Amino acid sequence: MSEDVIFTPLKWRNIQIKNRLLRSNVSGRFDNEDGSLTQTRINWECRFARGGVGAILSSFVPVQMEGRIVAGYATIHRDDFIPLWQRLGEAVHRFDCKYILQLSHSGRQMDLPGVHNQHRRAPSATGHKESLHGFLCRAMSGHEVERTVEAFARGAWRAREAGLDGVELHAANGYLFTQFLSSAINDRRDRYGGSLMNRARFLLEVIEAIRDRVGPDFHLQVKISAVDHNDVLPWEGKGNGLAETVQVCRWAETAGADALHVSLGSLFPHPLNPPGDFPFETIASTYDAMLSSGVDTFRNYLLFRYPALRGIFRWLWFRHRRGREVEGIGLDEARAIRAAVTIPVISTGGYQRASLVREAIESGACDAVSSARALIANPDLPRQWQAGHDAPENPCTFCNKCLLNAPKNPLGCYELERFGGDHERMLESLMAIYETRPELQLPPVSTSHTP
């Protein structure tokens with residue numbers, strides 16, 4: 001009997017992972033206001049490492065405080081955070097699992113700014129507000145772009161010093177890199193705007209700066225949206241198509257990227273990322289946390305809150321998904337990129353059936369897949385596949401309640417039917433990562449006064 005391709009090692013240029021399933025980037029508000037990570041985050045990541053994935057892609061980790069999407073997410077903007085990330089890496093490595101830090105910057109897509117960014121316009125490629133929520137922003141100066149390039153390089157250096165296995169640049173789903181890359185968003189008239197090469201310049205300069213800082217032997221990959229589909233709101237431009245992204249991917253490989261992680265969409269959430277249902281009852285109870293973040297959030301809240309208005313949003317949101325399956329939704333785009341480059345390609349998109357993953361890899365569409373929601377529902381999904389199950393016994397329903405609870409509530413599975421209708425069982429699952437029982441420490445006695 002031939003070896004299952006899902007459980008064959010994947011060799012990148014500098015590291016090797018034990019199988020072809022990665023936990024995609026996802027996180028809740030687990031961390032401290034200053035950006036330092038907590039025991040809760042370590043417990044969260046170890047849940048998936050213990051379940052058998054080959055590698056974990058961290059959540060969105062900002063390289064600057066002005067690049068946070070949500071307060072309460074860990075950052076990599078300070079040298080004294082290196083030991084904290086080192087501790088997390090050591091915890092994950094105990095399960096023969098690699099840990100790749102996703103270096104990120106929100107740009108204008110800042111959901112919950114927190115005290116550091118309250119009442120400040122977010123730095124972006126453009127001065128035009130974000131299209132879905134109306135987050136206000138300002139166009140970065142050339143000097144700010146250069147400073148941000150250096151911040152990414154410094155973040156990669158910190159990740160290497162922490163003993164982590166690599167970094168991923170989040171150049172997908174509407175965050176800062178997308179704001180530069182997308183023809184529908186980038187309206188600059190300097191060397192970072194206009195032609196595709198100019199729009200890709202920021203990303204390529206970051207790749208080159210990281211290589212200058214950490215050398216050729218530290219793993220570096222890029223997550224990118226294959227197609228923007230930016231016209232979720234019909235009056236917005238479509239943005240980059242597949243041919244443009246293929247060219248950017250070729251440039252990224254030449255600049256020093258070791259792998260590509262292929263997604264879809266120019267904002268987050270997007271109808272194609274993550275695909276699935278849109279639970280209005282959930283978002284009606286959580287979206288109020290974002291009301292002060294953008295100038296269009298109250299309009300959205302009305303559409304979410306009142307059943308008579310929901311049909312408007314439902315039509316806008318789901319028309320992009322018509323005729324497309326949830327699982328493996330971006331596989332065709334990953335296949336096109338895989339044919340154009342020589343480095344490994346990871347496809348993300350709701351994977352939870354072993355047969356689909358196996359066919360995707362064997363057909364050459366991608367070299368590995370990443371999942372988030374399917375693993376939130378079943379952290380031991382790789383072990384279920386190894387036991388001979390094609391799909392998990394209690395599969396993810398792609399209801400997206402996990403995502404839409406995240407602005408206010410702990411991240412986890414909120415599909416009550418998966419818990420047999422038992423609310424207490426669901427709460428027990430949600431609270432499991434908070435069972436840290438830490439010893440409370442007394443701060444040192446000092447005669448100096450701290451205001």
Side-chain angles (χ1 to χ4, degrees), residues 1-8 10 17-28 43-57 92 95-97 273-279 282 324-331 346-362 366 368-406 409-435:
M1 185 175 179
S2 60
E3 186 176 11
D4 189 342
V5 69
I6 295 174
F7 297 101
T8 59
L10 175 59
I17 62 174
K18 65 186 177 185
N19 60 43
R20 305 302 181 96
L21 178 62
L22 293 80
R23 203 291 310 277
S24 191
N25 51 297
V26 65
S27 183
N43 296 347
W44 170 258
E45 302 293 40
C46 286
R47 169 181 282 186
F48 304 99
R50 184 182 294 110
V53 294
I56 289 173
L57 304 174
V92 168
F95 300 97
D96 187 24
C97 180
N273 181 52
D277 201 2
F278 194 93
T282 297
R324 301 187 71 153
E325 296 292 330
V326 171
E327 193 174 356
I329 193 165
L331 188 58
I346 305 155
S347 173
T348 192
Y351 293 99
Q352 68 176 341
R353 283 184 296 135
S355 56
L356 177 59
V357 174
R358 198 173 291 121
E359 192 278 331
I361 297 169
E362 290 177 341
C366 61
V369 302
S370 72
S371 286
R373 293 168 299 163
L375 286 162
I376 291 174
N378 291 284
D380 65 341
L381 180 60
R383 303 201 187 284
Q384 293 196 43
W385 286 351
Q386 281 184 308
H389 299 285
D390 181 45
E393 297 176 356
N394 190 12
C396 175
T397 64
F398 304 116
C399 67
N400 287 328
K401 292 175 184 175
C402 55
L403 166 69
L404 297 187
N405 266 285
N409 300 320
L411 185 63
C413 182
Y414 286 82
E415 181 63 287
L416 197 56
E417 292 180 6
R418 296 192 63 257
F419 298 93
D422 188 333
H423 189 261
E424 290 304 313
R425 275 186 60 207
M426 184 183 78
L427 284 179
E428 183 180 353
S429 174
L430 290 169
M431 292 298 110
I433 60 168
Y434 296 93
E435 294 180 357

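The model shown is predicted, which means the values in this text are computed figures rather than measured ones.
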> Mind checking what makes side-chain hydrogen bond (donor to acceptor under 3.5 Å, both in side chains) contact with Asp96, not counting sequence neighbours?
Replying inline: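 Asp96: no side-chain hydrogen bond (donor to acceptor under 3.5 Å, both in side chains) contacts found.
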> Considering all heavy atoms of both residues, which atom of Pro382 and which atom of Phe7 are nearest to each other, and what is their separation?
Replying inline: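 Closest heavy-atom pair between Pro382 and Phe7: O-CZ, 3.4 Å.
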> Which pair of non-hydrogen atoms, one from Ile346 and one from Leu22, has the smallest distance, and what is that distance?
Replying inline: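 Looking at all heavy atoms of both residues, the shortest contact is CD1-CD2, 4.1 Å.
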>> Is any side-chain heavy atom of Ser371 closer than 4.5 Å to one of Leu21?
In response: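 Answer yes - side chains close enough.
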> Taking side chain as C-beta onward, heavy atoms only, is Phe48 less than 4.5 Å from Val92?
Replying inline: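 Not touching, per the 4.5 Å side-chain cut-off.
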For [X], check salt bridge (Lys or Arg N to Asp or Glu O under 4.0 Å) against everything at least two apart and list the hits.
X: Arg20; answer: none
X: Asp4; answer: Arg358
X: Arg418; answer: none
X: Arg324; answer: Glu333

> With sequence neighbours left out, what residues match Asn405 under side-chain contact (heavy atoms from CB on, under 4.5 Å)?
Replying inline: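 Here the qualifying residues are Thr282, Thr286, Lys401, Asn409, Tyr414.
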>> Looking at Glu362, I'd like to know if its CD atom is crowded, meaning that more than 12 non-hydrogen atoms belonging to other residues, nucleotides or ligands lie closer than 6.0 Å.
In response: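 Count over threshold, so yes.
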> So with a 6.0 Å cut-off around CD of Glu359, is the heavy-atom count from everything else above 12?
Replying inline: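 More than 12 heavy atoms, drawn from other residues, nucleotides or ligands, come within 6.0 Å of this atom.
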>> For Ser355, is there any backbone N or O sitting under 3.5 Å from a side-chain donor or acceptor partner on Asp390?
In response: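 The answer is yes, because a donor-acceptor pair under 3.5 Å joins these two groups.
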>> Just by distance, no angles: are the side chains of Glu3 and Thr8 close enough, under 3.5 Å, to form a donor-acceptor pair?
In response: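 No, no side-chain donor-acceptor contact under 3.5 Å.
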